Participant: 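Here it is: the structure, laid out below.
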Amino acid sequence: MQQMMAAQGWRAAHLAIGLTCIVVLVPLAWTLRRPAVRPAAGTAPPPAAMPVARPTGGTLPLSPAALQLSLWVAGIACCVAMATPQVHIVAYCGDLGYGVARGTQMLALMLACGIVSRVVSGWVADRIGGLRTLLLGSVLQGVALVLYALFDGLLSLYVISALFGLFQGGLVPSYAIVVREHFPAAEAGERVGKTLMATLLGMALGGWLAGRIFDWSGGYHAAFVHGLAWNLLNITVIGWLLWLATRHNATGGRTARATG
């Protein structure tokens with residue numbers, strides 16, 4: 001990509017990436033398809049169709065619409081906060097005088113650590129459940145945003161960018177786990193799609209708002225504080241959902257939901 005951007009420009013590089021995705025990912029997606037398992041007449045349903053108890057799951061004392069709305073708010077809030085460093089770290093380093101090349105390295109480090117975070121977050125979610133994993137990731141992301149607002153040294157930014165990647169990489173995948181734990185399996189595809197749509201909206205909104213705040217304030221400190229405020233909203237919503245689930249289970253509510 002670096003060679004292509006230097007020779008052809010960033011537009012040609014993005015176009016090449018898009019065409020590569022079409023040529024490679026679309027055919028590979030078809031290899032993931034498999035026919036639905038249809039049990040023979042008179043046989044018991046397969047084990048996967050039996051009710052499954054989740055590690056910390058259970059239905060929430062909310063209507064499906066209210067739970068979906070809560071996940072929309074949480075998804076938008078966490079990704080508005082997430083977008084500030086991801087979208088603006090290169091420009092931020094240029095603004096500080098370190099140069100855009102340093103910012104590009106920080107972004108690459110952030111995204112590489114995000115890969116590790118996704119794997120580790122999955123391992124954590126298997127043990128403590130989706131809501132707790134999501135809350136943990138959101139709190140840690142907030143810590144990283146505080147560090148961005150407090151420190152702007154070159155070495156500090158490298159370290160904070162690595163931490164930010166480790167903290168935020170598992171947030172969005174955790175929403176799919178929350179959906180799977182608290183909605184029927186037959187609705188999983190629709191619910192995951194709606195929830196991830198909100199996270200994408202949050203990323204777009206967050207990148208734009210941080211740029212507007214920079215234009216208004218002349219610096220990125222206010223943008224990081226703004227992102228932290230949205231992150232606190234996410235922590236509030238997810239913490240509330242976890243509190244409802246814990247109280248519901250403690251007072252004798254069902255601790256698992258039938259999933260197929």
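Worth saying up front: this structure is predicted, and the values here are computed from it rather than measured. All residue numbers in this chain count up from 1 along the given sequence.
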Participant: Side-chain contact test, heavy atoms from C-beta onward, threshold under 4.5 Å: evaluate it for Ser117 versus Gln168 and give yes or no.
Facilitator: no
Participant: For the pair Thr133 (side chain) and Gly129 (backbone), establish whether a donor and an acceptor sit closer than 3.5 Å, ignoring hydrogens and angles.
Facilitator: yes
Participant: Under 4.5 Å between side-chain heavy atoms, hopping through other hydrophobics if needed: is there a path connecting Leu228 to Leu150?
Facilitator: yes
Participant: Is it possible for you to say whether Leu96 and Val87 belong to one hydrophobic cluster, with membership spreading through side-chain heavy-atom contacts below 4.5 Å?
Facilitator: no
Participant: Please name the pair of heavy atoms, one in Gly170 and one in Ser121, separated by the smallest distance, quoted to 0.1 Å.
Facilitator: CA-OG, 3.4 Å
Participant: How long is the gap from CG on Asn231 to SG on Cys79, to the nearest 0.5 Å?
Facilitator: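 Here the rounded value is 10.0 Å.
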Participant: About how many Å separate CG of Leu171 and CG of Asn234, when rounded to the nearest 0.5 Å?
Facilitator: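 Answer for the CG-CG pair, Asn234 versus Leu171, is 7.0 Å.
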Participant: Starting from the C-alpha separation in whole Å, work towards a yes-or-no answer on side chain to side chain contact (heavy atoms under 4.5 Å, CB included) for Met82 and Phe164.
Facilitator: CA-CA 9 Å; Met82 187 186 301; Phe164 186 81; 4.2 Å; yes
Participant: For Ser174 versus Gly130, what's the shortest heavy-atom pair and its separation?
Facilitator: CB-O, 4.4 Å
Participant: Indicate whether the side chain of Tyr148 and that of Ser161 have a donor and an acceptor atom separated by less than 3.5 Å.
Facilitator: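 Judged by distance alone, the side chains do pair up.
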Participant: Please answer: with hydrophobic residues joined when any side-chain heavy atoms are less than 4.5 Å apart, are Val159 and Phe224 in the same cluster?
Facilitator: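 Result: yes, single cluster for both.
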Participant: Find out whether Arg212 and Trp216 are in side-chain contact, i.e. whether some heavy atom of one side chain is under 4.5 Å from a heavy atom of the other.
Facilitator: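 Side chain of Arg212 against side chain of Trp216, heavy atoms only: no contact under 4.5 Å found.
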Participant: Taking the side chain as C-beta and beyond, is there a heavy-atom pair between Met106 and Leu154 under 4.5 Å?
Facilitator: yes
Participant: Do the ring centers of His88 and Phe214 come within less than 6.0 Å of each other?
Facilitator: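 Not under 6.0 Å, so no.
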Participant: Less than 4.5 Å apart, side chain to side chain, heavy atoms only: is that true for Leu135 and Ile235?
Facilitator: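 Touching, per the 4.5 Å side-chain cut-off.
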Participant: How about Trp230 and Ile76: do any of their side-chain heavy atoms sit closer than 4.5 Å?
Facilitator: yes
Participant: When rounded to the nearest 0.5 angstrom, what distance separates CG in Leu196 from CE in Met203?
Facilitator: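 Here the rounded value is 12.5 Å.
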Participant: Give me the atom names and distance for the closest heavy-atom approach of Arg191 to Pro64.
Facilitator: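 Smallest interatomic distance, heavy atoms only, reads NH2-CB, 3.5 Å.
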Participant: Verify whether one side chain among Trp10 and His14 offers a donor that lies under 3.5 Å from an acceptor in the other.
Facilitator: no
Participant: Checking side chain to side chain contact (heavy atoms under 4.5 Å, CB included) for the pair Lys194/Glu190: CA distance, chi angles, key distance, verdict?
Facilitator: CA-CA 6 Å; Lys194 288 179 176 179; Glu190 176 187 356; 2.8 Å; yes
Participant: Side chains of Gln68 and Thr195: is there a donor and an acceptor less than 3.5 Å apart?
Facilitator: yes
Participant: Please check if the distance between the ring centroids of Tyr98 and Tyr158 is under 6.0 Å.
Facilitator: no
Participant: Mind checking the CZ-CG spacing from Phe167 to Leu147? Nearest 0.5 Å is all I need.
Facilitator: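 Here the rounded value is 7.5 Å.
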Participant: The test is side chain to side chain contact (heavy atoms under 4.5 Å, CB included); show your working for His226 and Val80 and say whether it passes.
Facilitator: CA-CA 9 Å; His226 166 263; Val80 168; 4.0 Å; yes
Participant: Report the C-alpha distance between Thr246 and Arg132 in whole Å, list the side-chain angles of each, state the deciding distance to 0.1 Å, and finish with yes or no for side chain to side chain contact (heavy atoms under 4.5 Å, CB included).
Facilitator: CA-CA 11 Å; Thr246 302; Arg132 285 185 171 87; 3.9 Å; yes
Participant: Are Val178 and Leu71 packed together at the side-chain level, in the sense that at least one heavy-atom pair is separated by less than 4.5 angstrom?
Facilitator: yes
Participant: Is there a side-chain contact between Tyr92 and Asp152, using heavy atoms and a 4.5 Å cut-off?
Facilitator: yes
Participant: What heavy-atom pair brings His221 and Ala149 nearest, and what distance separates the two atoms?
Facilitator: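 Minimum heavy-atom separation between His221 and Ala149: CD2-O, 3.1 Å.
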Participant: Cluster question for you: counting only ILVMFWY and a side-chain heavy-atom cut-off of under 4.5 Å, with indirect links fine, are Leu109 and Phe151 together?
Facilitator: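 Looking at the clustering, Phe151 is in the same group as Leu109.
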Participant: Could you state the interatomic distance from CG (Leu131) to CH2 (Trp240), rounded to the nearest 0.5 Å?
Facilitator: 11.5 Å
Participant: Are Val225 and Leu145 in one and the same hydrophobic cluster, where Ile, Leu, Val, Met, Phe, Trp and Tyr link if side-chain heavy atoms are under 4.5 Å apart?
Facilitator: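 No, it is not one cluster - the side chains of Val225 and Leu145 are not joined through contacts under 4.5 Å.
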Participant: Which atom pair, heavy atoms only, marks the closest approach of Tyr175 to Ala74?
Facilitator: OH-O, 3.1 Å
Participant: Which heavy atom of Ala188 sits nearest a heavy atom of Val179, and at what distance?
Facilitator: O-CG1, 4.2 Å
Participant: For the SG atom of Cys93 and the CZ atom of Arg102, what is their distance to the nearest 0.5 Å?
Facilitator: 9.5 Å
